[in-house]
Structures are given as C-alpha cells and as structure tokens.
Amino acid sequence: MAVKLNQDHYQVTIMGSGPAGLTAAIYAARANLSPVLFEGPQPGGQLTITTDVENFPGFATGIMGPELIEETRKQAERFGTEFHYNLIAKIDDSSLPIKVTLDDNDATTFTTDTLIVASGASARLLGIPGESEYMGKGVSACATCDGFFFSDREIAIVGGGDTAMEEAIYLTRFASKVTVLHRREELRASKIMQDRAMKNPKIEFVWNTVVEECVGDGKELKSLKLKDTKTGETSERAFDGFFVAIGHIPNTQVLKDIIDTDEHGYIITAPDSTKTSRTAIYAAGDVQDTVFKQAITAAGTGCMSAMEAEHYLEELHG
C-alpha cells in the first residue's frame, strides 16, 4: 500500500519517534518548517518498553514511558508535524536535495532539504523465552533507568564487558545483592572495571553459565533457568530482577556506506554539534550517543539537531 504524503518535498525529515526524534519535530514544527517524521518499527523507541520513568524533569511523581512518548507526540502533532509509521528504505544524498525512498509497496520517493537521524539503538537481547514477556516487569536492559525499582532486592545481570561491570556496580546502590552471570570463566571488561566489580562485596560472579529462560507468574519475573556451559547441568534460581547488559545495536543500517560511524556503528557527530559527515544530515539521540543513553540527553540533542537544520535552511534559502 502506498504512503500518502502531504508533499513531495520537505524541508525537514526525521527518522525515529523516541525523545530525540519527537523533540526535533517539536522544534522544527514551531519554526514553521512542517517536518515529516517516520516512526519506524518501534514507535516511541525504548521508552515504550519502560514502565515508570522517574528521572525525566517535570514529572514529580514519575510518568509511564509510553505516556511520556504519547504526550510528546501530541505536542509535535499540535505544531503541525506529519507522522507516518513507515521505515525509510533508502537515502540518496549524491546530489541535493536528499532523495528518500520508503519501504511501502510502491517504493514511494520524495526529496528533503535536511534529514535528522534519530533512529536510536536497540538493546541487544538474548532472545530467550520469557525475556520479552517480562520486559519492564522484572527484566530490563537499562540499569540507570530501572535500578531504583529494585531497592533491597536480589537481582542478576548478564554480560562480561565494561558496560556490564559498570551497570553491576551501579545496581549495588539499590539491590541487596547483584549476581553476574557469564558464559565463560573470564570477563571481556578492562582490568580496572573487573577489579572494581570483584572487590564490591555486593557482587557475586557465577561463571560458565547461560540464561535459558525468564520465568514468571504472568505478572512479573520470579526466577531464571540457568545452564552450566561445561557440564550441561540445568538449574533454576530465584531473582527479583534481571538486567541484560550485552550491548546495543545502533539502528543505522539504511545509512551504511553513506555516513561516518565508529567501529560499533554509532554515527559520529562534530564536537558540540549534531552535524554528521554528510551535508544536511544530522544525528540525535542514542544513534550517536555512546555514553549517556538517557531520554533527557536524547531530547537535548533532538533540540540541537532541529536548530542546526533550521540554521542550514536559513543559509540555503537566504
């Protein structure tokens, strides 16, 4: 089915509907740039699988992740943002304006003066039974988002890199005990991070172990089914929470071979800017953030990208 676009040319096109994309849309729309936003396969991004958000300014008692996204979306709509659920299948910036092709049946095309990439990064998950079912109900892929909800409770975390060790240490601020589950006998993390984690009295390491299933009562996680990678022996162990810390995958596939990225696929932006290696293309949010990965920082770079696109358009059109 073909996409019915309001125009065949836009001044601002936005990929992604998380905090970065929606904030970019609000700023671009308020500047009368009539942006079009493509929401992609997971409208709202990772906040839609987050239950309580208590660290976003302006909500004294917290707000549900999906509700925060919905309110921000309404704000962007109010100022005239055009929304579509499609994916962008192809980008051609060999000449300007940029040519965009959608993934609909007719491969609908249009042109845009600027492109804001806010497609985010997807948490790398294990793909085991119960993992998706209990996401936000005891299972999480973000310690800084959800650690607070596990005060004085026993939790597990899977992973062996620096991120996993950082998150394990962070989680000890809240949990009574953190069990690190790792498939091998040694970690990939840097020595300094290993030392910090191993010296923490709240952290226990369980080696040669993989998680095979997240078990719950239909409402929340209750335990994990584990397997010893050496003996093949299986067991089940009770946990109040389970954090997956095996990395993220930036959603930059459509920009492969077009834009400069780092070794992990994150878009490289200029210092203090959202400008990318390509003229008129900007990147905001988790797709370019390898450090903070928070809703509020994503929203901040979304604002920056819209303002930089606006300045570019002023210079382009005089």
Side-chain angles (χ1 to χ4, degrees), residues 18 41-42 44-53 55 65 120-150 153-175 177-184 187-189 193-194 197 200 202-216 219-229 234-251 264-266 286-287 289-295:
Q42 187 181 346
Q46 294 188 68
L47 275 187
T48 58
I49 59 171
T50 302
T51 49
D52 297 306
V53 178
N55 56 4
S122 302
R124 197 185 298 272
L125 300 178
L126 296 170
I128 57 174
E131 183 179 36
S132 297
E133 180 183 355
Y134 293 107
M135 185 64 66
K137 302 172 185 177
V139 178
S140 173
C142 180
T144 52
C145 306
D146 300 327
F148 176 80
F149 303 111
F150 294 90
R153 304 175 80 179
E154 289 196 20
I155 59 178
I157 184 168
V158 65
D162 278 358
T163 298
M165 295 307 102
E166 288 171 7
E167 296 204 349
I169 294 167
Y170 176 81
L171 289 167
T172 61
R173 300 183 188 183
F174 312 101
K177 182 178 181 180
V178 177
T179 300
V180 176
L181 306 169
H182 191 52
R183 62 169 55 244
R184 289 181 286 272
L187 302 168
R188 301 187 313 277
M193 289 307 302
Q194 291 189 44
N200 192 307
K202 281 190 172 185
I203 297 178
E204 174 194 356
F205 286 84
V206 176
W207 306 106
N208 302 311
T209 299
V210 293
V211 183
E212 292 203 315
E213 184 178 352
C214 299
V215 181
K219 295 181 180 180
E220 61 183 13
L221 179 79
K222 293 296 182 181
S223 63
L224 298 175
K225 286 188 178 179
L226 308 175
K227 181 179 179 180
D228 189 302
T229 58
T234 59
S235 61
E236 188 168 333
R237 182 168 168 179
F239 288 105
D240 298 307
F242 176 48
F243 288 79
V244 182
I246 56 175
H248 287 74
I249 305 170
N251 300 318
H264 302 294
Y266 289 90
D286 286 4
V287 78
D289 177 9
T290 61
V291 180
F292 302 104
K293 297 184 176 70
Q294 298 298 300

Exercise. Any side-chain heavy atom of F243 within less than 4.5 Å of one from V178?
Worked result: no

Run the side-chain donor-acceptor check on residues 154-174: report pairs under 3.5 Å with partners two or more places apart or on a different chain.
unit_1, atom_1, unit_2, atom_2, d
D162, OD1, S190, N, 2.6
D162, OD1, S190, OG, 3.1
D162, OD2, S190, OG, 3.4
T172, OG1, I169, O, 2.5
T172, OG1, N200, ND2, 3.4

Exercise. Which heavy atom of D286 sits nearest a heavy atom of K293, and at what distance?
Worked result: OD1-CA, 3.5 Å

Exercise. Looking at side-chain heavy atoms only, is the closest gap between R237 and L226 below 4.5 Å?
Worked result: yes

Problem set entry | Expected output: side-chain K202 to main-chain A175 donor-acceptor under 3.5 Å | yes

Problem set entry | From L187 atom CG to F205 atom CZ, the distance as rounded to the nearest 0.5 Å | 5.5 Å

For this session: Would you give the length of the straight line joining atom NZ of K227 to atom CG of N208, rounded to the nearest 0.5 angstrom?
Result: 13.0 Å

Seminar exercise, completed: Note: S122 and N251 closest approach over all heavy atoms is OG-OD1, 3.2 Å

Exercise. So how far is it from F149 CZ to S140 OG, rounded to the nearest 0.5 Å?
Worked result: 9.5 Å

Exercise. Are side-chain heavy atoms of E131 and V211 found at a separation under 4.5 Å?
Worked result: no

For this session: Could you note down all residue pairs passing salt bridge (charged side-chain N to carboxylate O under 4.0 Å, His left out) where residues 206-215 supplies at least one of them, sequence neighbours left out?
Result: E213-K225

Exercise. What's the shortest heavy-atom distance between H248 and Y266, and which atoms?
Worked result: CB-OH, 3.3 Å

Exercise. T209 and W207: which non-hydrogen atoms are nearest, and at how many Å?
Worked result: OG1-O, 2.8 Å

Problem set entry | From C145 atom SG to N55 atom CG, the distance as rounded to the nearest 0.5 Å | 6.5 Å

Exercise. Where is the tightest heavy-atom contact between R124 and V244, given as atom of each residue plus distance?
Worked result: O-CG1, 3.6 Å

Exercise. NE2 of H182 to OG1 of T229: how many Å apart, nearest 0.5 Å?
Worked result: 9.5 Å

For this session: Go through the steps to decide whether V291 and D289 satisfy the test side chain to side chain contact (heavy atoms under 4.5 Å, CB included), and finish with yes or no.
Result: CA-CA 6 Å; V291 180; D289 177 9; 3.9 Å; yes

Problem set entry | Taking every non-hydrogen atom, the tightest pair across L221 and Y134 | N-CD2, 3.7 Å

Problem set entry | Euclidean distance, Q194 CD relative to R188 CZ, rounded to 0.5 Å | 10.5 Å

For this session: Compare all side-chain heavy atoms of L224 with those of L181 and state whether any distance is below 4.5 angstrom.
Result: yes

